[in-house]
Undergrad: 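This structure is in structure tokens; I'll ask about it shortly.
Bear in mind the structure is a predicted one, so any value in this text is a computation, not a measurement. Basis for what follows: all heavy atoms, side chains included, without hydrogens, waters or symmetry-related copies.
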Amino acid sequence: MGRRACLDMICYFSFCQKTLTFSICILSLVLSCVIGDVIVEQSHISATEGQSSDVTLKCIVTSNHEPVVNWLFNMKIEIDESPIFTSKYTLSMTPESSTRRAYKLRIRQINRLDQGNYECKVTIKKDEFKQVITLTVGYLKKNPSVDCNLFKSSGRFNNLSGARTSNTTKILILSCKADIGLNIEANCMTSKSGNGQMVPLHSENKTQSSATVDVDYSYPVNVSGLDGWRFWCVVGNPMIPEPVNCSTSMLVKPQAKIMKVNERRVNCTSTTTPYPSDVLFQWKVCLTSENSSKTTNSCELLNNTSSSLTLTPAMNGSMLLCEIENAVGVGRAYLNVTEQPDDEVADLIWVKWFIGCLVVLLIIGIISAMVVKKSERKICLQEIGEKRDESTTNKTTTAASQTCLYAIPNKNNNKGATHGSSLNTRYEMHAPEPVYHVLESSQAVNA
């Protein structure tokens, strides 16, 4: 039914009552009110760049009047038969009946720039009819890629440690993200490999509807006991010569080893790099039997979930067990605990060390003082002369003055001296005040 309201309906109906039979009146009424109608075979058409060379859009018009049809691209560009459009578009019309015509728009060599909305605009007399056909063009990127990771339900694995529980999860999420193009369907597969075999897990078809948002597909996997295995994400498409794939890192369970930090502390580490890297620690003290050096029977669980442990005297003679667990498995290490010093003995050891250090420092100080004293030289000079006694005017005595000089080696002036030779050593002389001794006459003459 056309858009024009049948305003003449009442007039025709009145006219029919007066002049014609009822059947003829109804026929005239229908022919007068039906102006035309427009339909499209497909409101949405998908094509792929490089795969579908041409696409034809069809707009079907039903009317007993001659319509005028125009095609618009994205509501702005009117496509006609001018030379600028003839190399890309072809307009045609095919009659299907006396009142039904098919108007076609053929688009050659489809590419991503042809994607958009095509409007079929039909004008019949004064009425307009519109129908929109959406063309979606898919294309493959030049370098398609896929990324894969293993996740816990709460997020990616990290290096955090925590208390281990009895129901530690072994189910992880294999997340695959593929970036292959736009509006293109891909076959997404997951698998695992190890021990020389490839095991398929899951397959589904996905379409990447945005050029900036990857195709995301996830699959739960059980990694328990899969030491040395890895998981794969594979994406295929008929236009891709070879499927694009990605693998996770190899699954590795921890290999535990106990190392002594000192006499009272031990540390538990893994000799391998576990993956997933989220590891949990647990310590146990076990009783050992004469027939077995390693046993987990009669073990006491310690309240310690860190990688280090402080030994106590209560552990003497027992076996220490360290367990490191990740989602793949558990690594164990054992250590025989020998007699450990108690707190009083340990404190006495520290006191002995302190006293010993003081004695060594005292000995070093004494030796240094002796070396300095030995390096000094004393030179005494004696002079004999007369000294008048002022208490008596007539008495003159003979006196001897003795001057002692202390010579200390001068390091700054010994640059030219030969190492180990005392003859070339230069000294600085330090002379005190002279000291006078009164001598008898006989001593003065002898002097």
Undergrad: Any idea which heavy atoms bring S175 and D216 closest together, and the distance?
TA: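 Heavy atoms of S175 and D216 come nearest at OG-OD1, 3.8 Å.
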Undergrad: Quick one: does K192's side chain have a donor or acceptor within less than 3.5 Å of a partner on Q197's backbone?
TA: no
Undergrad: With heavy-atom distances below 4.5 Å as the criterion, would you say the side chains of V38 and K130 are in contact?
TA: no
Undergrad: Parallel, tilted or perpendicular for Y219 and H202, by the 30°/60° rule?
TA: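 Plane angle under 30°, so parallel.
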Undergrad: For L311, is there any backbone N or O sitting under 3.5 Å from a side-chain donor or acceptor partner on R264?
TA: no
Undergrad: Tell me which one of P200, S247, C148 satisfies side chain to side chain contact (heavy atoms under 4.5 Å, CB included) with W232.
TA: S247
Undergrad: Assess the side chains of N74 and N117: does a donor N or O sit below 3.5 Å from an acceptor N or O?
TA: no
Undergrad: Give a yes or no on whether the backbone of R106 and the side-chain of T90 come within a donor-acceptor separation of less than 3.5 Å.
TA: no
Undergrad: Between the side chain of N183 and the main-chain N/O of Y139, is any donor-acceptor distance below 3.5 Å?
TA: no
Undergrad: Do the side chains of C176 and T190 get nearer than 4.5 Å, heavy atoms only?
TA: yes
Undergrad: Is there a donor-acceptor contact under 3.5 Å from the side chain of Q131 to the main chain of I39?
TA: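 No, Q131 side chain to I39 backbone: no donor-acceptor pair under 3.5 Å.
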Undergrad: For the side chain of R332 and the backbone of L321, is there at least one donor-acceptor N/O pair under 3.5 Å apart?
TA: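 Flag not set: sc R332 to bb L321 has no pair under 3.5 Å.
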Undergrad: Give a yes or no on whether M259 atom CE has more than 12 heavy-atom contacts from other residues, nucleotides or ligands under 6.0 Å away.
TA: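 Atom CE in M259 is not packed in, count stays at 12 or less.
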Undergrad: Look up atom OG1 in T310 and atom CZ in R265, then write down how far apart they are to the nearest 0.5 Å.
TA: 3.5 Å
Undergrad: Kindly say whether F85 contributes a backbone atom to a donor-acceptor pair with the side chain of D80 at under 3.5 angstrom?
TA: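 Answer holds: no.
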Undergrad: Check whether any side-chain heavy atom of V328 sits under 4.5 Å from a side-chain heavy atom of P276, and report yes or no.
TA: yes
Undergrad: Under the 3.5 angstrom rule, does the side chain of Q255 hit a backbone N or O of T272 as a donor-acceptor pair?
TA: no
Undergrad: Hey, does S270 have a side-chain heavy atom less than 4.5 Å from the side chain of V279?
TA: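 No - every pair of side-chain heavy atoms lies 4.5 Å or more apart.
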Undergrad: So, N336 side chain and G317 main chain: donor-acceptor pair closer than 3.5 Å or not?
TA: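 Checked: no pair found.
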Undergrad: N267 and S307: which non-hydrogen atoms are nearest, and at how many Å?
TA: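 Shortest heavy-atom contact: OD1-O, 2.8 Å.
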Undergrad: Go through C268 and W283 one step at a time and tell me if the side chain to side chain contact (heavy atoms under 4.5 Å, CB included) criterion holds.
TA: CA-CA 9 Å; C268 186; W283 293 90; 3.5 Å; yes
Undergrad: Take T212 and S210 through the test side chain to side chain donor-acceptor pair (under 3.5 Å) and record every step on the way to the result.
TA: CA-CA 5 Å; T212 57; S210 173; 3.2 Å; yes
Undergrad: Less than 2.5 Å separating the SG atoms of C246 and C233?
TA: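 The sulfur gammas are not closer than 2.5 Å, so no.
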Undergrad: Could you pull out the closest heavy-atom pair between L57 and I107, with the gap in Å?
TA: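 Scanning both residues completely, I find the closest heavy atoms to be CD1-CD1, 4.3 Å.
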Undergrad: Could you tell me whether the side chain of V235 reaches within less than 4.5 Å of the side chain of V215, counting heavy atoms only?
TA: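 Not touching, per the 4.5 Å side-chain cut-off.
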Undergrad: For E325 and L280, indicate whether the former's side chain and the latter's backbone hold a donor-acceptor pair under 3.5 Å.
TA: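 Side chain of E325 to backbone of L280, a donor-acceptor pair under 3.5 Å: no, none is there.
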Undergrad: Heavy-atom count around I84 CD1 within 6.0 Å, excluding the residue itself: above 12?
TA: no
Undergrad: Could you tell me which non-hydrogen atom of Q208 sits nearest to which non-hydrogen atom of I180, and how far apart they are?
TA: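 Looking at all heavy atoms of both residues, the shortest contact is OE1-N, 2.9 Å.
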Undergrad: Please indicate whether E78 has more than 12 foreign heavy atoms, meaning atoms of other residues, nucleotides or ligands, lying under 6.0 Å from its CD.
TA: yes
